[in-house]
K.L.:
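Have a look at this one.
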Amino acid sequence: MKAKLKPVSTNCYAFTNPESKVEIHVYLSPGLFQDFGEDEAINQLYNASLLPGVVSPVIGMPDIHTGFGLPIGGVMATDYETGVVSAGAVGMDINCGVRLLTTRIDAGEINKEKISKILDAISSRVPSGVGKSSAVKALRKPDLDAVAQIGVEYFVRAGFGRKEDLERIEDRGCIPGGDAAAVPKAARERADQLATIGGGNHFIEIGRVAKVFDQETAERFGLFKDMVYVLIHTGSRGLGHQICTDYSRIMWEHSERNGSKAPVKGLACAPVFSEDGQNYLKAMACAANYAFCNRQLITHFVREAFVEVLKKPESELGLDLLYDVAHNIAKKEKHGGRWLLVHRKGATRALPAGHGDNPPCYRDTGHPAIIPGSMGTASYVLVGLPEIHRTFCSVNHGAGRVMSRKRAKSEFTREQLLEQTKNVVIAASNLKALLDEAPLAYKDIDEVVFTLVDAGLTKPVVKLKPMGVLKGEGDES
DNA sequence: ATGTCC
């Protein structure tokens, strides 16, 4: 499959599926292209290009790697009127995403001991690791109708955050159309994990702004060199996972009934305007809003933890929300004068300056696109440039794996992990359960980010460097 | 990503 990819423009390789006439575009730097071994991920893009109503091109981001159905780092747009929606093309972790908090703290003001104490204070409020449910009993049985229909504002009204937070969340933390009634029972029963991080690549990170690329935009965003930031990366936890699992089955059965089978179960789909398609979108919006609420509640507890440890009022510490953006979601958007359902799976929306879907406070800059790196490595804040229309206004979502979790666990030792993350305080009780998250199991974030910068799609605003990270543990085996 | 195999 890799052999089919021909260079067409800077850092962009392409081929056309002869059967569907849909193009497949993959963004890789020369170095990433040379090392690229994810043949199956390209095959997955090829499969996606065969779905009914897919709009050319199907896109692979520089962090692409094999996933369930559509690869992670994949963008697939379908015609909103005549196309399909695929649960697998959104992914297991519906509205996995990141939010970034700015502060009025200078990196020189907090040493390793303080960072460790803050992470502990967060950890006592926000459980991490696979299977963990909310530390606060009331959050284990949330009003899922309110979460689905009101979203983050529901918790802001209840005292978990500030009113102005809402302006700085994609869709104000409430994707329209959410309906808890469309969430299968098994999934509803797993909605007891608000204010938890989860495992895998999820984290809460404290760091400093290491480099400013675009002074003017950085100032507009309130980002200054050596300013302490907090980065929160998590999603909809077990709820989204169960919705994806259940609807993938429902959609597979739907296509079997209608004789329009997807090439693989992971791309099982239903017409957007079928009952199954509409129900999935209602359930997806519910899980997406749950994920926005999850990050909002975590933000509240992060603010509490900073106040407790640094013994300063919240107003003095800042901890303002810069932005919260999803990277696993399907959204109805207009591109090229046409309404589409853009599936982004491990891809981040990055609307350029002037785009009407930006929140008002970012209308003339373009909203911040927040790109988390792997544990202990840098992250970036970017904005989309006008050329970003080539990817339906999408950029990568992170560094992207180069090694399976299984292989990373056999490849690295605890000592190597510490070496790869030196100078970063790691709050986790069992490092052996984090070996699959070792930085060397991921691509180089600089290389990945600059692949799209050099392609002319984005401009970097700042580079962020971690000082401490709170990680959830997976399995040791 | 995930009560990482109901």
Side-chain angles (χ1 to χ4, degrees), chain A residues 38 41 44 61 63-74 86-98 127-135 139-141 183-194 196-204 232-249 265-267 283-284 287-288 290-292 294-295 298 326-330 343-348 372-375 396-410 430 432-438 441-442 471-477:
Chain A
E38 289 274 331
Q44 292 183 327
M61 289 293 159
D63 52 343
I64 185 173
H65 55 101
T66 306
F68 171 63
L70 195 70
I72 322 293
S86 167
V90 168
M92 290 288 187
D93 190 3
I94 295 166
N95 190 4
C96 185
V98 279
S128 63
V130 171
K132 291 284 176 14
S133 53
S134 314
L139 294 176
R140 278 180 233 148
K141 278 212 176 289
V183 176
K185 189 166 177 286
R188 277 206 297 272
E189 284 169 0
R190 293 180 67 174
D192 61 349
Q193 298 178 304
L194 284 170
T196 67
I197 311 176
N201 61 2
H202 291 168
F203 61 73
I204 298 174
I232 299 162
H233 181 196
T234 184
S236 54
R237 313 281 287 100
L239 172 66
H241 188 278
Q242 194 66 48
I243 288 172
C244 179
T245 305
D246 290 352
Y247 272 97
S248 288
R249 193 194 66 248
K265 280 194 178 176
L267 285 171
M284 183 205 74
Y290 180 90
F292 283 132
N294 190 21
R295 296 192 287 271
I298 290 172
H327 55 226
N328 273 15
I329 202 156
H343 299 67
R344 295 188 182 88
K345 180 177 183 180
T348 311
S374 55
M375 172 173 62
N396 60 300
H397 85 306
R401 299 195 77 86
V402 283
M403 199 182 281
S404 70
R405 293 192 179 278
K406 197 176 167 185
R407 199 182 134 207
K409 280 179 177 176
S410 62
N430 185 0
K432 281 203 108 173
L434 284 179
L435 295 179
D436 53 339
E437 284 297 310
Y442 286 84
K471 286 288 285 185
E473 290 158 17
D475 201 315
E476 201 178 310
S477 60

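Both backbone and side-chain heavy atoms feed into the values below; hydrogens, waters and symmetry mates do not. Chain A is the first sequence line, chain B the second, and so forth, proteins listed ahead of strands; every chain is numbered from 1.
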K.L.:
What is the distance, rounded to the nearest whole Å, between atom CD of A/Glu189 and atom P of B/dT2?
P.N.:
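It is 19 Å, rounded to the nearest whole Å.
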K.L.:
Should A/Tyr442 and A/Glu437 count as side-chain neighbours, where that means a heavy-atom distance under 4.5 Å?
P.N.:
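A/Tyr442 vs A/Glu437: side chains touch.
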K.L.:
Taking A/Gln193 for its side chain and A/Gly238 for its backbone only, find out whether a donor-acceptor pair lies under 3.5 Å.
P.N.:
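Present.
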K.L.:
Any side-chain N or O of A/Arg237 under 4.0 Å from OP1/OP2 of B/dT2?
P.N.:
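Checking A/Arg237 against B/dT2: at least one side-chain N or O falls below 4.0 Å of OP1 or OP2.
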K.L.:
Return the value, rounded to whole Å, for the distance between atom NZ of A/Lys406 and atom P of B/dT4.
P.N.:
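The answer, rounded to whole Å, is 16 Å.
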K.L.:
For DNA chain B, whose closest nucleotide is more 5', that of A/Val130 or that of A/Arg401?
P.N.:
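Final value for this comparison: A/Arg401.
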K.L.:
So what does A/Gly199 touch, heavy atoms closer than 4.0 Å: a base, only the sugar-phosphate, or nothing?
P.N.:
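Sugar-phosphate, backbone atoms only, no base.
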K.L.:
Please give, in whole Å, the distance from B/dT4 P to A/Phe68 CZ?
P.N.:
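Computing the A/Phe68:CZ to B/dT4:P distance gives 16 Å.
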K.L.:
With sequence neighbours left out, write down each residue that passes side-chain contact (heavy atoms from CB on, under 4.5 Å) with A/Arg140, or none if nothing qualifies.
P.N.:
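By the side-chain contact (heavy atoms from CB on, under 4.5 Å) rule, A/Arg140 matches A/Ser133, A/Ser134, A/Lys137, A/Asp192.
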K.L.:
Would you mind reading off the distance between A/Asn95 atom CG and B/dT2 atom P, rounded to a whole angstrom?
P.N.:
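To the nearest whole Å, that distance equals 13 Å.
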K.L.:
How many Å lie between NZ on A/Lys185 and P on B/dC6, as a whole number?
P.N.:
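Answer to the nearest Å: 17 Å.
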K.L.:
Distance check needed: B/dT4 P versus A/Asp93 CG, whole Å only.
P.N.:
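The answer, rounded to whole Å, is 15 Å.
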K.L.:
Starting from P on B/dT4, measure out to NE2 on A/His241 and report it in whole angstrom.
P.N.:
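The distance from NE2 of A/His241 to P of B/dT4 comes to 8 Å, rounded to the nearest Å.
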K.L.:
Check side-chain contact (heavy atoms from CB on, under 4.5 Å) between A/Ala191 and all other residues, then give those that pass, not counting sequence neighbours.
P.N.:
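With neighbours one apart ignored, the set is A/Leu144, A/Leu239, A/Tyr290.
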K.L.:
Let me know the distance between NE2 of A/His202 and P of B/dT4, rounded to the nearest Å.
P.N.:
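Roughly 16 Å, once rounded to whole Å.
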